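Structure first, commentary second.
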Amino acid sequence: MCPSTPPSAGAGDQHRIDPMLMAGTPGAQRTRAPSRWADLGFFVVVAIAGAAVVVLALALVGVLLYNARASIGAFGFRYLYGVTWSPNGNIYGVVPFVAGTLITSAIALALAIPLALGSAVFLATRAPSWLRGAFGTAVELLAAIPSVIYGLWGLIVLHPYMAQTVEPALQRYLSWTGLFRGTSIGLDLLTAGVILAVMTVPTITAVSRDAMASVPAAQREAALSLGATNWETTRMAVLPYSRSGIVGGVMLGLGRALGETMAVVMVIGGADRLPTPLLSQGQTVASLIANELASNNGPLQYSAVLEAGLVLLLIAIGVNAGARLLVGRVFRITGGPVEWAARPARKAAASTTQVVAKS
Amino acid sequence: MVLVPLFDIVYEAFRRGGAVLFEGGFLTDVPPNACSQLSCQTVGIGPDIVGSVPVIGLASAIAVPIGVLAAIFAAEYRTRGVGRAVSFVADVLTGVPSITLGAFVYSFFVLYDPRLVVSALTGGLALSLVMVPIVTRSTEEALRLVPSSTREAALALGISKWKTSLRIVLLTSLPGTATGVLLAVSRAAGEAAPLLFTAGGSLVYFQGWDRPTAALPLLIYQFALSPYANQQKVAWGATLFLLLLVLSVNVGSRAVIRRLKRRMGHN
């Protein structure tokens with residue numbers, strides 16, 4: 001390679017070979033010309049691949065929009081606030097399913113956030129490092145279990161437990177809230193919400209653990225040196241500092257809960273009507289698609305189901321984009337989890353991305 | 001408390017599926033028909049294991065090149081804002097519900113060629129859509145772990161940009177990229193939602209690209225909802241098989257990634 005090294009580029013801080021500098025060297029002439037074309041070709045190839053990812057995202061929206069045009073034409077905005085979904089009457093409104101999605105996701109977050117934040121605080125501040133590693137791995141494994149297995153577990157193991165133990169107890173002690181009317185059959189929004197909570201805990205835990213761990217040690221030590229207890233330090237120094245990371249983690253968990261299909265479709269009961277919280281059978285947008293896309297009740301239903309898919313897609317994109325922006329921001333401000341990982345124990349930067357990739 | 005479900009799922013899978021999985025022939029026989037007598041044989045999940053191979057193979061054949069090249073674009077041409085945009089879009093795509101990806105492929109093929117709608121081909125396409133963003137993101141992470149001094153050293157030697165990207169940066173990050181791909185494959189192996197309308201499921205062995213094909217997650221879904229004890233038993237056996245597969249891939253690749261980070265001086 002020696003002949004092609006331009007003599008003038010001897011300075012150590014030269015990052016790229018400037019073609020102009022090489023022009024004077026006789027040997028460089030031969031290697032340079034083809035390699036510039038090769039570079040250009042390579043750039044075009046990778047740019048096409050990069051563009052393919054973006055085109056895929058646009059095509060997703062485009063194809064769903066195109067297929068939903070019959071339903072959009074027939075119902076317009078009524079589709080978005082209609083509460084009736086009736087294949088017999090050929091009237092379609094998406095509200096029952098959006099309500100189902102929101103209720104199950106709300107149950108999931110209500111159960112998952114305290115658990116996940118508790119374990120994240122524990123992992124980031126209190127746990128001995130061997131436990132931190134083992135617990136972190138286990139939480140990530142929880143995120144790796146295929147959702148159909150959660151569904152099977154929910155149907156065979158959790159469902160009888162909910163029907164015989166949890167729901168009767170809720171009805172006995174919390175009936176005054178009015179939330180638990182109906183029969184405790186176990187195949188309902190509540191069970192779906194519990195399954196979703198199990199599935200979102202790992203996401204929220206991993207992201208908020210990384211956010212909390214990226215709080216500079218000086219911040220924590222300052223609070224401790226002012227005489228704050230461990231709890232006060234966590235509450236006043238750690239949590240506010242990592243807030244947008246935690247919110248981002250919660251939104252990623254929400255994104256997962258909103259779009260989850262297999263686990264939900266197996267325990268939610270599948271009823272196309274407006275659900276009454278919490279012990280009624282219902283349907284989320286995702287389970288509606290799973291149950292009715294291929295049901296062949298005519299073109300209008302097909303189109304309406306795909307419009308529901310479009311609604312779900314846009315909600316999920318919005319939630320995820322918001323989450324990424326928040327998570328990205330907190331790591332940019334603090335210099336990223338990498339900086340932190342260099343010091344205390346092992347657990348490191350890419351765990352966020354890996355969990356994210358799972359969700 | 002958080003880990004109770006993990007242990008309980010593994011425990012139940014072993015308790016209900018353990019005996020079935022290690023029965024002779026379970027991995028090669030065809031799944032049972034509905035049968036209510038006690039004497040019913042629990043038979044195997046052969047077609048589903050075999051059927052997953054072409055579907056996941058096609059998905060990987062599409063998703064790995066596109067994902068890796070897009071990741072090179074995002075990581076190596078990052079100074080141009082476009083690279084960053086690609087990585088953001090890929091990031092958002094990892095959060096798209098997989099059922100909508102299945103619905104997308106289904107509704108596209110309904111317009112394009114209705115005969116192919118339910119087939120191994122569309123199943124593979126749907127799974128490739130699941131894999132592309134994951135491969136892109138994990139490869140990009142792996143590429144960015146390569147110290148920029150390595151790149152600069154290569155460029156300073158007069159090696160062209162494309163050779164630097166492919167033969168030095170990508171090669172250096174190969175273990176990381178490969179584990180990322182493996183994680184994406186294990187994710188695709190467990191996905192049922194995109195296959196509901198595309199691969200379709202089947203009780204017999206693979207019959208060609210244009211025919212419906214069996215897949216493990218679909219079998220678990222169908223048999224979990226079955227009222228017959230023998231089919232449920234098969235569902236648990238298949239669950240244990242899938243669980244062992246996915247968890248071992250994950251444990252292994254995480255160990256590799258961790259070691260890699262330490263070696264690259266990031267940790």
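Computed from a predicted structure; not experimentally measured. Lettering follows sequence order; numbering is per chain, from 1.
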- Query: Given that the side chain runs from C-beta out, which part of B/Leu196 has a heavy atom under 4.5 Å from chain A: side chain, backbone, both or neither?
  - Reply: side chain
- Query: Which pair of heavy atoms, one from A/Gly309 and one from B/Thr100, lies closest together, and at what distance?
  - Reply: O-CG2, 3.6 Å
- Under 3.5 Å donor-acceptor, A/Asp39 side chain and B/Lys161 backbone: yes
- Where on B/Thr136 is there a heavy atom nearer than 4.5 Å to chain A: the side chain, the backbone, both, or neither? side chain
- Query: Considering only heavy atoms, which portion of A/Ile317 lies under 4.5 Å from any heavy atom of chain B: side chain, backbone, both, or neither?
  - Reply: both
- Item | Smallest separation among heavy atoms of B/Pro217 and A/Val148, with atom names | O-CG2, 3.6 Å
- Message: So B/Ser107 and A/Tyr66, do their side chains get closer than 4.5 Å, heavy atoms only?
- Response: no
- Task: Apply side-chain contact (heavy atoms from CB on, under 4.5 Å) to the pair B/Ile99 and A/Val285, showing each step before the final yes or no.
- Result: CA-CA 10 Å; B/Ile99 185 89; A/Val285 181; over 6 Å; no
- Are A/Val54 and B/Val86 close enough that some pair of their side-chain heavy atoms sits under 4.5 Å apart? yes
- Item | Most contacts with chain B, counted as non-hydrogen pairs under 4.5 angstrom, among A/Gly255, A/Gly151, A/Gly41, A/Ala57 | A/Ala57
- Query: So B/Val110 and A/Tyr302, side-chain contact (heavy atoms from CB on, under 4.5 Å) or not? Walk me through it.
  - Reply: CA-CA 11 Å; B/Val110 165; A/Tyr302 173 73; 3.6 Å; yes
- Query: What's the spacing between B/Leu247 CG and A/Thr137 OG1 if we round to 0.5 Å?
  - Reply: 12.0 Å
- Side chain / backbone / both / neither for B/Phe88 at chain A, heavy atoms under 4.5 Å: side chain
- May I ask you to name which of B/Pro97, B/Ala71, B/Ala238, B/Ala153 has the most heavy-atom pairs under 4.5 Å with chain A? B/Pro97
- By a 4.5 Å heavy-atom criterion (distance strictly below it), what part of A/Ala323 contacts chain B: side chain, backbone, both, or neither? neither
- Message: Just verifying a value: how many Å separate B/Leu243 CG and A/Trp153 CH2, rounded to the nearest 0.5 Å?
- Response: 12.5 Å
- Item | Smallest separation among heavy atoms of A/Val53 and B/Leu93, with atom names | O-CD1, 3.7 Å
- Task: Could you list the residues that satisfy side chain to side chain contact (heavy atoms under 4.5 Å, CB included) with A/Ile156, not counting sequence neighbours?
- Result: A/Leu152, B/Arg16, B/Gln232, B/Trp236
- Item | Within 6.0 angstrom of A/Arg69 CZ, more than 12 heavy atoms from elsewhere | yes
- Side chain, backbone, both or neither: which part of A/Leu56 has a heavy atom under 4.5 Å from chain B? side chain
- Item | Side-chain heavy atoms of B/Leu111 within contact of A/Asn67, under 4.5 Å | yes
- Less than 4.5 Å apart, any side-chain heavy atom of B/Phe197 and any of A/Ile289? yes
- Just give me the residue among A/Ile48, A/Leu293, A/Leu141, A/Leu155 that pairs up with chain B most often, heavy atom to heavy atom, under 4.5 Å. A/Leu293
- Indicate yes or no for a side-chain donor-acceptor contact from B/Asn250 to the backbone of A/Ala144 under 3.5 Å, with no hydrogens or angles considered. no
- Message: For a quick test of reading the model, state the closest non-hydrogen atom pair linking B/Ala103 to A/Leu306 and the distance between them.
- Response: CB-CD2, 4.0 Å
- Message: Which atoms of B/Ile9 are under 4.5 Å from chain A, going by heavy atoms: the side chain, the backbone, both sets, or neither?
- Response: both
- Give, for atom CG of A/Leu60 and atom CZ of B/Phe108, the distance between the pair rounded to the nearest 0.5 Å. 12.0 Å
- Message: Side chains of A/Phe42 and B/Ile72, heavy atoms from C-beta outward: is any pair under 4.5 Å?
- Response: yes
Check residues 257-265 of chain A and write down every donor-acceptor pair under 3.5 Å in which the side-chain atom is one partner and the other belongs to a residue at least two apart or another chain.
from     : atom 1 : to       : atom 2 : distance (Å)
A/Glu260 : OE2    : A/Ser147 : OG     : 3.2
A/Glu260 : OE2    : A/Met262 : N      : 3.2
A/Glu260 : OE2    : A/Ala263 : N      : 3.3
A/Thr261 : OG1    : A/Gly259 : O      : 3.2

- Note on the structure: Residues A/Ala59 and B/Phe104: closest non-hydrogen pair is O-CE1, 3.4 Å
- Query: Looking at B/Gly95 and A/Ala316, what are the two nearest heavy atoms and their distance?
  - Reply: O-CB, 4.1 Å
